[in-house]
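In what follows, a single structure is set out as structure tokens and then discussed.
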Amino acid sequence: MGPQLLTTIEQIANEKGIEKEIIIDALEQALISAYRRNVANPNENVKVEFDQVTGDIRVFALLEVVERLSHPEQQLSLEEAHEIDPNYELGDFHKEEVTPSDFGRVAAMTAKQVVTQKMREAERERIYNHFVDKEDEIMTGIVERFDPRNLYIGLENNIEAVLTPNEQMPNESYQIHDRIKVYVTKVDSTTKGSGAAIQVSRTHPGLLRRLFELEVPEIASGTVDVMSVSREAGDRSKIAVHSDIVDPVGACVGPKGQRVQTIVDELNGEKIDIVRWSNDPKEFVKNALSPAQVVDVYVNEPNKSTTVVVPDYQLSLAIGKRGQNARLAAKLTGWKIDIKSETDAEGMDLYDTYAEKVEPEPEIVHNEVEQTDSVDVALEPTTVKEEE
């Protein structure tokens, strides 16, 4: 088993990127377990030594030198120890070889199983150490394989991540060798069995945030801040941006809409509303409901809710198909939003409990993009008609 075993360990170390010492330590521990299951006295304190030059494996019983024997299978009296070596002292350990003559096939099979498990654990630890800092980051991967439920994405260093059905965009279909960007949601060092240690997503709002960081230098440098993101993956998203230095909406749109269009293309046509953030909830909610026009916003501070009045002909646009526009705006702002038409609002006793007075933000004109409070980016005309 010697030279052949050495060759196998070298191959595993090279292929898996695991240190040879880790494999050898796992092998020694496995052989101790195998030995104890196949000998009459499993209570022996034993040690397995693997010769890294010859590949030979030897088993030793470790006998502690004591004054009086209480566990003969684990101890050696001082008198007996001195007969072997006069230099032995109390507390020393004498090694006595106990390698069985038939320490072969059964022990080797058991050892192989344990070593395989140890290698899996070492592989998970290697993946975890390499990717632990990648959580909440965006990575580019290649679709390598899929089963009836999951997609498996190849990342750097030949590491595979899993894209579960809930994290796949409903408007996308994937093919082997497709190159896609994914958001790393979890790096797990304790995954059991053969489950993937890295979980990624195409639907997480963090993916949209990271894509803007990649495409908009002003966000990457901190000149423009992404304040919040709400997303219904594959359909529509809203992102709130802020800057005291440049026009944040124009910076995200880019010259001729190139920056945001790149993100729309990456997300397979997902519509993106870029809105200006404000610390005034009235202004922020108004912006968040874009592309709908808003007449007035009434704020109920204790309930963190708002009542928004829109022109009658804008009601369906403000609510959105199946309530999507209002729902995304509420997630983006963190405020409850109740939308009323002007006709309905006339008969209501609307009041505002928002006492804080906030100075309006100064108008900033961007050189390349016309100043707007919001931008609706779509692969369709921006005129939206409510579908029944």
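Along the sequence shown, the residues carry numbers beginning at 1. Just so it is clear, the structure is predicted and the values come from calculations on it, not from any experiment.
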Is there a donor-acceptor pair closer than 3.5 Å between any side-chain N or O of [X] and the backbone N or O of [Y]?
X	Y	result
R236	Q324	no
Q74	N45	no
N325	L289	yes
N171	G234	yes

- 4.5 Å side-chain heavy-atom contact, F93 and L76: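 Result no, sub-4.5 Å side-chain heavy-atom pair not found.
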
- Message: Salt bridge check, K340 against E346: does any charged N sit closer than 4.0 Å to a carboxylate O?
- Response: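 Result for this pair is no, no salt bridge flagged.
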
- Query: Salt bridge or not for R145 and E160, using N-O below 4.0 Å?
  - Reply: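 Counted as a salt bridge, because a side-chain N and a carboxylate O are separated by less than 4.0 Å.
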
For residues [X] and [Y], is any side-chain donor paired with an opposing acceptor at under 3.5 Å?
X	Y	answer
D273	S290	no
S70	Q75	yes
T164	E167	no
T223	E218	no
E97	T99	yes

Answer yes or no: does atom [atom1] of [X] have more than 12 heavy-atom neighbours from other residues, nucleotides or ligands under 6.0 Å?
X	atom1	result
K336	NZ	no
Y174	OH	yes
E89	CD	no
E21	CD	yes

- Message: Tell me every residue that passes salt bridge (Lys or Arg N to Asp or Glu O under 4.0 Å) with E96, counting only those two or more places apart in sequence or in another chain.
- Response: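 If we apply the salt bridge (Lys or Arg N to Asp or Glu O under 4.0 Å) test to E96, skipping adjacent residues, there are no hits.
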
